[in-house]
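Worksheet for the structure shown next.
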Amino acid sequence: MAFPTSASLSYIPTSLPLSSSSSSSSSTRPVFPCRSAARPPPPAAEFPSNENPNPSLSDQLRPLSLTLLKQTSPLLLTPSKQNPTWTNPSKPKPSVLLPHRHPRPTHSHNPDLRRLSLLSRSLSVSSSDDDFDKAFPNPLPHSSALLLLNSLRPWHKAHRFFLWLQSKSPSSPLETIFYNVVLKSLRAGRQFSLAESLANEMIHIGVPLDNITYSTLITCAKRCRRFDRAIYWFNKVYQAGLLPDEVTYSAILDVYAELGRREEAVALYERARASGWTPDHVPFSVLAKMFGEVGDYDGIQYVLKEMKMLDMKPNVVVFNTLLDALGKAGKPGLARNLFDEMLAAGLTPDEKTLTAMIKIYGKSRWGRDALDLWDRMRANKWPVDFILYNTLLSMCADLGLEEDAEKLFDEMQQSDRGQRQQPDSFSYTAMINIYGSGGKPDRALKMFDEMLERGVEPNVMGSTCLIQCLGKATRIDDAVRVFNVAIERGIKCDDRLCGCLLSLVALCDEADMSKVAACLEKANPRLVRFVAMLGDEGAQFEEVKEELRGILNEANVDVRRPFCNCLIDICRNRGYPSRRAHEILRLGTMYGLYSGLHTKGSKEWHLNLRSLSIGAAKTVFEEWMEALFDSIEHEETLPQIFSVQTGSGAHRFSQGLAYAFSSYLEELASPFRQNGEIGCFVAMKEDLISWLRSRNSSDGDKQIEV
DNA sequence: CTAGGGTTAG
């Protein structure tokens, strides 16, 4: 893919309307506060919490920097007011950030380096003030103290050394650089509170904070998920009468990006650009990742366009984030083109590049591209690391490449133990996944047991895959055993695992029901009660509706449809009151979980049953037939062709639906015929009408029974 | 590594 040439003038967010919020400005808090008017820090509650990487619409629309878009910030207006002769917009006066970086001292090679490095290692066993006193009876030279401070690990040793240095010069405070170095160490140790108190100490005793101090504080806050404090310290830069330089600026850009506050991040970027900033690679990587996170393809295009405009050649990191972003935006073809472009530009892909590409091909089920790339990796001796190994295994799982995965897994097992390439829970999960989705429960189970023997902790996904596979083979006792082992080993039951247990409820016979219910009781007792309610003839629709709504509200968005699918299966398989399956389907439809199943054209009406469970597919089909019968009765115009699609089972989770649905249609003696393509069933109008008429006259009841 | 920013697995 070439960089896009049709460049629109500015980024228009795809998912968020701008217009609605641009009228209220009185309560907005400028990102670039006026120097004279120091503002109190924003309340922490104003920022989305850690658990919420995708803030609500209102969060995103909180017009923190929409003030920037409207250019109402006093600081931003001052240049033209103070300096009316400044009229060349192509060379704007820098107003929001420094055009240059903080100057750093050039380092002469210190002859003590080696000695100090050995010393820092010996101090790393224990480091008390006594140790420091013994090691340095004479005052330490400035540069040696700094080098040692920088090399002490973990953070508390550096911090203790810092305190010791402070105690050695009680009359004069340590210079900024000492604070900066120890702050870096505190960041590595994720000690934000301590870092912040040191920064406050600097302010208190008059040690100047510089851009290095601020950027370290901001990234430390970011790593500790204290985004509110990151923004607080960014505002502090302006309050102190300084301007951020491009490192500090990129750091805060990354904070907004991580918060998912995309408009504000873009506004920050554009404001800096407008004031003459020529960004380096970092902000593009930050923005690309931000857009990729939400699959915002237009956002990715915006990043490409900006780089193109600046005639900037992406480096490997930028390519990596762009490739990953395109994958997340569901554009495997564009990712492939961009990867080719990267090679054509003479860059060598690294582990992360290849991980991104293999992941994309696996998820898209582009088997040929995946295997082709794998061959090229080996032929070119491109670097491979542990994560790439595991990604290759997951790709094999996605594509059902059992033999390739086995070879790779063996390779990992034969690697040196020190290399950290021994299979871990991720690798085992991939193997369990391969065997599980290939219908080989024995091998999957063997993998799980082997994993436990080798002391590798199971994870929730591997356990879920295995339980699902054992469930499909109706090996309920094994499934229950695996569940209990997983729980004993500290697995936290997530919604997917709950859904998996729910599918066991649908599959097991009456004798095993209590064992499965006991598992589900540990995972989600509410579901156990709800299943009982569904089986109770006396339960009213309103009760079912309320309880289902509660359950779905508590559940993760992407398990809601699987939950309903499973519940429908349970109703049908366990002989619950026959209206129940239809009630769940109706409610699921009401909650928008089954939208887009029907397509009505003038020549053909189509029913898409892909990603439905067998029971849900049957129930949806029954409702469709009922609706069609009504249409016939009311003599509506019908098309010539009716088609149903179940999917061919290319996706491992939909395996079996085409087959099950085919025999179901045969049982019903329906006129639908599989039409060349697997999983595609077609009936002609006349055949369908006569079949529906005969069924409804012989049944006497409009409900189609199986 | 040598005081500060960006990229990898369901």
Side-chain angles (χ1 to χ4, degrees), chain A residues 101-110 112-113 116-117 120 143-144 146-153 175-185 187-188 209-220 222-223 230 244-255 257-258 279-290 292 314-325 327 349-360 362-363 383-395 397-398 424-427 429-430 432-433 459-465 494 496 558:
Chain A
R101 290 219 191 169
H102 191 100
R104 22 174 63 186
T106 48
H107 276 272
S108 59
H109 210 70
N110 193 314
D112 278 349
L113 189 84
L116 282 167
S117 130
S120 88
S143 59
S144 305
L146 269 176
L147 272 167
L148 190 57
L149 184 61
N150 195 40
S151 62
L152 281 176
R153 249 148 292 232
E175 294 162 35
T176 302
I177 188 170
F178 285 92
Y179 280 91
N180 290 348
V181 172
V182 78
L183 283 175
K184 198 182 74 164
S185 186
R187 184 185 61 190
L209 287 75
D210 61 15
N211 259 293
I212 296 174
T213 322
Y214 287 115
S215 61
T216 311
L217 279 169
I218 289 167
T219 51
C220 181
K222 193 198 95 183
R223 278 190 209 177
D245 67 6
E246 89 176 319
V247 176
T248 310
Y249 208 83
S250 295
I252 201 65
L253 203 60
D254 192 36
V255 168
E258 193 120 323
D280 63 9
H281 289 109
V282 176
F284 295 113
S285 174
V286 166
L287 292 175
K289 187 186 176 194
M290 172 181 83
N315 62 12
V316 176
V317 175
V318 173
F319 270 116
N320 290 352
T321 46
L322 282 168
L323 291 170
D324 196 53
D350 66 9
E351 297 89 333
K352 288 165 187 164
T353 321
L354 298 166
T355 298
M357 291 311 298
I358 291 292
K359 191 178 102 185
I360 289 168
K363 293 279 145 287
V384 180
D385 66 3
F386 183 62
I387 292 177
L388 181 48
Y389 263 118
N390 275 342
T391 307
L392 285 164
L393 276 183
S394 300
M395 179 269 287
D398 287 329
D424 71 348
S425 69
F426 236 96
S427 330
T429 296
I432 290 169
N433 208 342
N459 65 24
V460 65
M461 188 195 171
S463 313
T464 305
C465 287
D494 63 7
R496 285 178 195 224
D558 46 66

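Chain identifiers are assigned alphabetically (A, B, ...) following the order of the sequence lines, protein sequences preceding nucleic acid strands; residue numbering begins at 1 within each chain.
Annotation: salt bridge (charged side-chain N to carboxylate O under 4.0 Å, His left out) contacts of A:Asp245 (sequence neighbours excluded): none. A:Asp494 is linked by a side-chain hydrogen bond (donor to acceptor under 3.5 Å, both in side chains) to nothing, counting only residues two or more places apart in sequence or in another chain.
The side chain of A:Lys352 places no N or O atom within less than 4.0 Å of a non-bridging phosphate oxygen (OP1 or OP2) of B:dG6. Distances shorter than 4.0 Å separate some side-chain N or O of A:Lys184 from OP1 or OP2 on B:dG4. One finds no side-chain N or O of A:Arg101 lying less than 4.0 angstrom from the OP1 or OP2 phosphate oxygen of B:dA3.
For B:dG5, its base sits under 3.5 Å from the side chain of A:Ser250 at one donor and acceptor pair at least. Applying the 3.5 Å distance criterion, the base of B:dG10 shares no donor-acceptor pair with the side chain of A:Asn433. Counting distance only, with no hydrogens placed and no angle test, the side-chain atoms of A:Asn320 and the base atoms of B:dG6 include no donor-acceptor pair under 3.5 Å. A donor-acceptor contact under 3.5 Å links the side chain of A:Thr248 to the base of B:dG4.
Closest to the side chain of A:Arg187, from the set B:dG4, B:dA9, B:dG6, is B:dG4. Side-chain atoms of A:Thr216 lie closest to B:dG4 of the nucleotides B:dG10, B:dG5, B:dG4. Distance from the side chain of A:Arg223 is smallest for B:dG6 among the nucleotides B:dA9, B:dG4, B:dG6. If you check B:dA9, B:dG6, B:dG10 against the side chain of A:Thr391, the one that comes closest is B:dA9.
Counting only N and O atoms by type, the side chains of A:Asp424 and A:Ser427 include a donor and acceptor under 3.5 Å apart. A donor atom on one side chain and an acceptor atom on the other are not found under 3.5 Å apart for A:Asp210 and A:Thr176. Looking at A:Arg187 and A:Thr219, their side chains do bring a donor and an acceptor atom within 3.5 Å of each other.
Within the 4.0 angstrom heavy-atom criterion, no nucleotide atom of any strand lies near A:Arg496. If you check every strand for non-hydrogen atoms under 4.0 Å, A:Asp385 touches a base. Within the nucleic acid shown, A:Asp424 comes within 4.0 Å of at least one base atom, counting heavy atoms only. If you check every strand for non-hydrogen atoms under 4.0 Å, A:Thr176 touches nothing. Across all strands shown, A:Val317 has heavy atoms under 4.0 Å from base atoms, whether or not it also approaches the sugar-phosphate. Looking at heavy-atom distances under 4.0 Å, A:Asp254 makes contact with sugar-phosphate atoms alone, never a base. Using a 4.0 Å heavy-atom cutoff across all strands shown, A:Val460 reaches at least one base atom of the nucleic acid. Here A:Asn150 lies in heavy-atom contact (under 4.0 Å) with sugar-phosphate atoms only.
A straight line from CD of A:Glu246 to P of B:dG6 spans 13 Å, rounded to a whole angstrom. Distance, A:Lys222 NZ to B:dG6 C1': 8 Å, rounded to whole Å. Here the P atom of nucleotide B:dA9 and the CG atom of A:Asp350 are 13 Å apart, to the nearest Å. Across the protein-nucleic acid pair, A:Ile387 atom CD1 and B:dT8 atom C1' stand 5 Å apart, rounded to whole Å. At whole-Å resolution of the value, CD1 in A:Ile218 and C1' in B:dG6 are 15 Å apart. Atom CE of A:Met357 and atom P of B:dT7 are 20 Å apart (whole Å). Note: NZ (A:Lys359) to P (B:dT7) measures 13 Å, nearest angstrom. Atom CG of A:Leu209 is separated from atom P of B:dG4 by 16 Å (rounded to the nearest Å).
Salt bridge annotation for A:Lys363-A:Asp398: present, with a cationic side-chain nitrogen under 4.0 angstrom from a carboxylate oxygen. Between A:Asp254 and A:Lys289, none of the side-chain N atoms (NZ, or NE/NH1/NH2) sits under 4.0 Å from a carboxylate O, so this pair counts as no salt bridge.
Residue-nucleotide stacking is present for A:Phe426 and B:dA9, judged by a side-chain ring centre under 5.5 Å from the six-membered base ring centre and planes under 30° apart.
The gap from the P atom of B:dC1 to that of B:dG6 amounts to 15 Å, rounded to the nearest Å.
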